There are 2 protein chains.
Amino acid sequence: MELKRQSDCPSLPPGWRREEVVRQSGLSAGKTDVYYYSPDGKKVRSKPMMARYLGEGFDLATFDFRTGKINHSSIRKRIRQDSSLSLPIRQTASIFKQPVTVKRIREDTDSKTKTDLKHGPQDPPKQLFWEKRLQGFHAVDSSEDILKALDLPRNVQGVGPELSTENILQSISAALHMNNGPVMGQGNNKQALSKNPGANIDANQPHIQQTMITEEDIKRQEMKVIEARRRLEEAMKGLL
Amino acid sequence: MELKRQSDCPSLPPGWRREEVVRQSGLSAGKTDVYYYSPDGKKVRSKPMMARYLGEGFDLATFDFRTGKINHSSIRKRIRQDSSLSLPIRQTASIFKQPVTVKRIREDTDSKTKTDLKHGPQDPPKQLFWEKRLQGFHAVDSSEDILKALDLPRNVQGVGPELSTENILQSISAALHMNNGPVMGQGNNKQALSKNPGANIDANQPHIQQTMITEEDIKRQEMKVIEARRRLEEAMKGLL
DNA sequence: CGGAGTGGTACA
DNA sequence: TGTACCACTCCG
């Protein structure tokens with residue numbers, strides 16, 4: 001009768017062991033508890049407690065205590081829930097407790113294709129072209145001089161009505177922060193959208209046309225990163 | 001240095017004593033352990049152990065081992081969480097995500113008496129006179145004959161619009177199941193309520209007038225219980 | 001008094 | 001509603 005088992009945990013510093021124990025009785029019988037043992041033998045029963053043992057040196061942000069694995073998507077989830085980093089959303093009368101947008105779902109159990117308005121948990125409403133609400137806002141440095149925005153590569157083209165370079169950058173950076181999946185840009189063509197914006201916009205993708213990234217592009221970017229790291233290293237030496 | 005003290009424990013059969021010992025050192029310094037001593041001097045260190053000593057004859061379900069007192073609310077809490085035993089509740093349009101009832105709270109931190117609508121966790125809404133939604137439903141026996149409802153004592157009077165004996169019984173039994181506190185009936189007078197039902201109803205109390213229970217009533221009820229037990233004992237003998 | 005094991009609760 | 005955390009019980 002194998003009720004517990006200890007194992008190494010590759011996501012943690014060496015010496016830590018992980019144990020899974022099945023509850024044998026009581027109301028919670030059958031549930032499992034996960035414990036860890038530190039290299040010095042201390043039993044650790046929760047993530048906060050583990051953080052206390054590991055100290056500042058080890059970042060548990062992406063560590064899933066239950067599974068014992070690093071969860072790379074969890075970090076984005078956490079950011080998304082930080083309201084200071086949420087997108088500006090459509091402003092509507094607050095008496096509507098339901099999100100204003102609804103989602104059509106398909107009842108797969110039924111043979112005919114039935115569509116229905118789904119209630120319950122939904123994605124929060126997204127405003128198309130919300131970036132325009134940020135127009136006129138700028139990041140400034142400590143002396144309140146406006147920081148120059150980045151330039152866009154020539155092959156990154158905006159999709160939508162009168163989007164500034166700034167808007168497009170906001171759109172891209174938001175998509176990088178908010179999306180769990182790949183960030184690819186809009187699949188539809190530029191002409192159709194400028195006539196009827198919103199008709200076919202994918203609110204989860206930035207407002208840029210899909211762009212072909214070549215091996216060349218990747219190489220060039222890698223070189224830039226390497227060069228930047230080299231310069232940072234130089235600068236650090238200067239500080240010692 | 002008084003670290004322990006023994007005392008009688010009125011919630012237990014006579015002869016049982018209770019002792020409280022403060023832990024002096026270690027990680028748990030300052031915490032207390034509670035022990036009991038049975039009439040024959042045996043030390044008892046836990047509730048399961050006590051149940052073993054007392055046997056079937058004494059019900060420890062409501063006994064709080066730590067405090068040594070009977071806790072009437074604990075057993076009812078367990079029942080209340082069984083959704084099959086919840087009251088029929090008001091049916092309202094589901095678009096209202098907020099409970100329809102609100103609770104006024106007093107901001108005690110403020111010197112003026114401020115009232116405010118409290119959001120967040122609240123008691124579930126209670127429908128006044130919800131019993132009427134059960135009208136026409138009856139318990140039946142295995143041959144689907146309707147079981148005769150109980151009769152009410154003459155001094156138990158309904159409070160509310162056209163409540164049947166059945167409604168009143170439902171109301172009383174629900175209150176006995178759901179309430180943590182004493183079940184006393186409505187404090188207001190019958191006349192006012194039949195004109196404006198709901199005006200001053202206490203939804204936590206059954207819809208009966210407050211009734212004086214005399215020593216006589218209690219005696220009579222005790223006799224009934226004793227008689228019922230005697231007859232049960234007879235019947236059990238017949239089965240052997 | 002320690003600690004394994006379960007319960008209870010706040011939070012998402 | 002489920003889950004994570006931690007308080008608590010019970011017994012060594």
Side-chain angles (χ1 to χ4, degrees), chain A residues 1 3-6 17-38 40-54 60-69 71 73-83 85-86 119-124, chain B residues 3-4 18-36 42-54 60-69 71 73-84 86 94 97 99 119-124 180:
Chain A
M1 189 159 69
L3 301 175
K4 351 170 148 188
R5 38 183 188 180
Q6 276 204 17
R17 312 212 85 220
R18 178 173 178 280
E19 181 190 44
E20 210 163 306
V21 180
V22 181
R23 296 192 175 197
Q24 298 298 327
S25 63
L27 295 173
S28 53
K31 296 199 174 175
T32 59
D33 291 290
V34 176
Y35 304 123
Y36 292 83
Y37 294 90
S38 68
D40 59 5
K42 275 286 175 191
K43 185 175 189 172
V44 164
R45 295 153 38 96
S46 70
K47 198 169 168 180
M49 211 181 291
M50 177 176 280
R52 243 170 278 137
Y53 268 88
L54 285 167
L60 288 176
T62 62
F63 181 73
D64 183 311
F65 189 87
R66 174 155 284 276
T67 63
K69 289 169 186 159
N71 181 357
S73 68
S74 73
I75 194 172
R76 281 197 179 162
K77 285 219 180 90
R78 221 183 302 283
I79 286 171
R80 190 202 304 227
Q81 282 158 1
D82 181 342
S83 62
L85 288 176
S86 62
H119 288 258
Q122 303 179 3
D123 287 341
Chain B
L3 300 175
K4 354 171 149 188
R18 178 173 178 279
E19 180 189 46
E20 210 164 322
V21 180
V22 182
R23 297 192 174 193
Q24 298 300 324
S25 63
L27 295 172
S28 55
K31 299 209 171 174
T32 58
D33 291 295
V34 176
Y35 305 122
Y36 292 83
K42 274 285 176 191
K43 185 175 186 176
V44 163
R45 311 198 313 147
S46 71
K47 199 169 168 180
M49 206 183 294
M50 177 176 280
R52 244 170 279 136
Y53 269 86
L54 286 167
L60 287 175
T62 62
F63 181 72
D64 184 311
F65 188 88
R66 173 153 288 276
T67 64
K69 289 170 187 160
N71 182 358
S73 66
S74 68
I75 191 173
R76 286 199 178 155
K77 278 212 184 99
R78 223 184 302 281
I79 289 172
R80 192 203 305 229
Q81 280 159 1
D82 181 344
S83 62
S84 71
S86 63
S94 64
K97 285 305 189 187
H119 288 260
Q122 304 181 1
D123 287 340
N180 288 326

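Worth saying up front: this structure is predicted, and the values here are computed from it rather than measured. To find a chain, count down the sequence lines: A is the first, B the second, and so on, and within it residues start at 1.
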> How many Å lie between NZ on A:K47 and C1' on C:dA12, as a whole number?
14 Å

> Any side-chain N or O of A:K43 less than 4.0 Å from the OP1 or OP2 oxygen of C:dA4?
yes

> Could you please name the option among C:dG5, D:dC10, D:dC11 that lies closest to any side-chain atom of B:R52?
D:dC11

> Is there a side-chain polar atom (N or O) of A:S25 under 4.0 Å from OP1 or OP2 of C:dT6?
yes

> Donor-acceptor check, side chain of B:Q24 to backbone of B:V22, threshold 3.5 angstrom: yes or no?
yes

> Given 3.5 Å as the limit, does a donor-acceptor pair link the side chain of A:K42 with the main chain of A:Y53, or not?
no

> Which of these nucleotides, D:dC10, D:dC6, C:dG8, is closest to any side-chain atom of A:L27?
C:dG8

> Is it the case that D:dG12 (base atoms only) and B:R45 (side chain only) share a donor and an acceptor within less than 3.5 Å, ignoring hydrogens and angles?
yes

> Write down the distance between OH (A:Y53) and P (D:dC5), rounded to a whole number of angstrom.
16 Å

> Using modelled atom types and a 3.5 Å cut-off, is there a donor and acceptor pairing between side-chain atoms of A:Y37 and backbone atoms of A:E19?
no

> Give a yes/no answer on whether the side chain of B:R66 brings an N or O atom under 4.0 Å of OP1 or OP2 in D:dC8.
no

> Should B:S28 be listed as having a side-chain N or O under 4.0 Å from OP1 or OP2 of C:dG2?
yes

> The side chain of B:S46 lies closest to which of these nucleotides: D:dC6, D:dC10, C:dC1?
D:dC10

> How many Å lie between CD on B:E20 and P on D:dT9, as a whole number?
12 Å

> Between P on C:dA4 and CZ on A:R23, what's the gap in Å once rounded to a whole number?
14 Å

> Figure out the CG/P separation between A:D33 and D:dT3, and round it to whole Å.
13 Å

> Would a distance-only check, ignoring hydrogens and angles, find a side-chain to backbone donor-acceptor pair under 3.5 Å from A:R17 to A:G41?
no

> Ignoring the backbone of B:M49, work out which of C:dC1, D:dC11, C:dT6 is nearest its side chain.
D:dC11

> Using modelled atom types and a 3.5 Å cut-off, is there a donor and acceptor pairing between side-chain atoms of B:Y35 and backbone atoms of B:V21?
no

> Distance check needed: D:dC5 C1' versus A:L60 CG, whole Å only.
15 Å

> Rounded to the Å, how far apart are A:K31 NZ and D:dG2 P?
8 Å

> Take the protein atom CZ of B:F65 and the nucleotide atom P of D:dC10, then report the distance between them rounded to whole Å.
7 Å

